[in-house]
Amino acid sequence: MQHIDIKEIFGNQELLNNNVTVCGWVRTARDSKNVAFIELNDGTSLKHLQIVIEKDSGIQLEQCLKLGTALKVEGKLVPSANNIVEINASSIEVLGTAPADYPLQKKRHTLEFLRTMPHLRLRTNTFNAVFRVRSVMAAAIHEFFQSKNFVYVNPPLITGSDCEGAGEMFQVTTIGYQDGKYESAEDYYADDFFGKKAGLSVSAQLEGETAALAMGKIYTFGPSFRAENSNTPKHLAEFWHVEPEVAFAELPDVIALAEEMVKFVIGRVLEKCPQEMQFFDKFMENGLIDRLTKLISEDFGTITYTEAIELLKKADVDFQYPVEWGCDLQTEHERYISEKIFNKAVFVTNYPKEIKSFYMKQNADGKTVAAVDLLVPGVGEIIGGSEREADYDKLLEAMKVRNMPLDPYADYLDLRKYGSVPHGGFGLGFERLIMYVTGMANIRDVVLYPRTVNNIR
Ligand code: 4AD
């Protein structure tokens, strides 16, 4: 269908005083004595294009003015007030009608209300802006890694090994458990599609390590799945995960890479999405642009877990979860560290080995591992990573201590037998970074169709 994107109309002086054709959905409409106005949006631009219809133009107005109607409009592009342009319509074709029960009749709806209609909420300014920023961020992720010689690899989503060992895998099965049919779980799995237990990947890291130990620097960017029973504003059962893995690298290299990547992606959004960011600054979080500009212009903080615990213990705050060396940091602790102690993004390093995954490099103190989490004000943890244990015997021991089955990890252990090198990487929760960048407070509002406990459609 021949037409011009509305975004192009705003950016192209040469189209002025020419006949153009645009398509889009009616966002608002106003009828007066001699003339009617429509604000049309085709999704390419946050800004709507005004269509002016003279009453004597012969255009049938009735259906055109109904919100949500899809139109094809032809007319002359002319200057209007405030340095903007509008179209004087010469003909309008109704491509799709929208009756009066079209749900988006009001100018502003609550995010909760819009969550009940994920298929229509994308036609609002908020979601239009969120998904435009999300797209720019995804492109920036690729641009960043590609420019630094990283190879983009696509790991399997169905896997036989649980990367985090936390038992949060969704099972993949074609038969389902049939009570009484099998003598043991092993018999049941043997009868299933893959002949053994399989699930959806919680992280591409294990496969990423095999690729990094061949290609040096790799990254993955795809969905991870977690059957966590966490009904919070920052957990999804299906989220997008950016996972770089680097050979010949130690913990400080992993930290430097994470800081550079976060700053690059935010810089690209500020540069490429000024209208969207002004929108978020106005409606979601006042001062957002200043906060992000400050973040990318200064060094991120760094603190060890042990130092963080000391400071949390001294804090004059009644935490819901008590703080002791060895405890996992809860969101309230993470936010205190990044918001009150540092007031900026901060890396927390060297956690107790008992609360972190089996694959992390064991430090010389015998108590901690070379782990790192990146905490940001408002959201908490957005990145988790580590240097990996490259020593076969130490890795095997860590797996045995956790009573892990060794068979599913045979390939992973092999990597430590054949040319093992210091290496490490991290996982960025893509939606969490989008929350931080847009000021959106709930992770369900930065993903097309959120999958959470008791919620799928
Ligand atoms: O800290 P996590 O569990 O680390 C890993 O999965 C490592 N294997 C990554 C690696 O080193 N390659 O998860 C990494 C990040 C978290 O910091 C968080 O941002 C995000 O993934 N994440 C979630 N995001 C949304 N919903 C969930 N349920 C998430 N679980 C983790």
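Counting starts at 1 for both ligands and their atoms, following the listed order.
In this structure, the protein non-hydrogen atom closest to atom 18 (C) of ligand 1 is Arg432 NH1, 3.4 Å. Looking only at protein heavy atoms, the nearest one to atom 26 (N) of ligand 1 is Leu236 N, 3.0 Å. The nearest heavy-atom contact from the protein to atom 19 (O) of ligand 1 is Ile382 O, 2.9 Å. Nearest to atom 29 (C) of ligand 1 among the protein's heavy atoms is Phe239 CE2, 3.5 Å. The shortest contact between atom 15 (C) of ligand 1 and any protein heavy atom is with Gly427 O, 3.5 Å.
Not one N or O of Glu245 is nearer than 3.5 Å to an N or O of ligand 1, by distance alone. When only interatomic distances are considered, the shortest N/O to N/O separation between Ile443 and ligand 1 does not fall below 3.5 Å. Backbone and side-chain nitrogen or oxygen atoms of Glu381 are examined, and one is located within less than 3.5 angstrom of a nitrogen or oxygen of ligand 1.
Below 4.0 Å from some heavy atom of Ile383 lie the following atoms of ligand 1, by number and element: 17 (O). Set against the non-hydrogen atoms of Lys234, the atoms of ligand 1 under 4.0 Å away are 25 (C), 26 (N). Of all atoms in ligand 1, listed by their number and element, those nearer than 4.0 Å to a heavy atom of Gly429 are 15 (C), 19 (O), 20 (C), 21 (O).
For atom 4 (O) of ligand 1, the choice among Gly384, Ser230, Gly208 with the nearest heavy atom turns out to be Gly384. Counting only non-hydrogen atoms, the option in Glu164, Glu228, Arg226, Arg388 that gets closest to atom 3 (O) of ligand 1 is Arg226.
Side-chain contact annotation: Tyr219 with His142, donor-acceptor N/O pair under 3.5 Å present. A side-chain donor from one of Lys234 and Thr331 sits under 3.5 Å from a side-chain acceptor of the other. Side-chain contact, Ser224 with Arg226: no donor N or O sits under 3.5 Å from an acceptor N or O. For the 3.5 Å distance criterion, the side chains of Asp365 and Thr368 qualify, holding a donor opposite an acceptor.
Using a cut-off of 4.0 Å between Lys/Arg side-chain N and Asp/Glu carboxylate O, Glu276 and Arg132 are scored as salt-bridged. Residues Lys356 and Asp328 are not paired through a salt bridge, judged by the lack of any N-O separation under 4.0 Å between the basic side chain and the carboxylate. Remark: Lys148 engages Glu260 in a salt bridge, criterion side-chain N to carboxylate O under 4.0 Å. Salt bridge Arg388/Glu245: present, at least one basic N to carboxylate O contact under 4.0 Å.
Under 4.0 Å from ligand 1, the heavy atoms of Tyr359 that appear belong solely to its side chain. Proximity of Glu243 to ligand 1, defined as any heavy-atom pair under 4.0 Å, is confined to the side chain (atoms from C-beta onward).
Cation-pi geometry between Lys217 and Phe145 is not met at under 6.0 angstrom from the ring centre and within 45 degrees of the axis.
Look at Lys356 and you'll find every heavy atom at least 4.0 Å from all atoms of ligand 1.
If you look at Tyr412 and Tyr359, their ring centroids are not closer than 6.0 Å.
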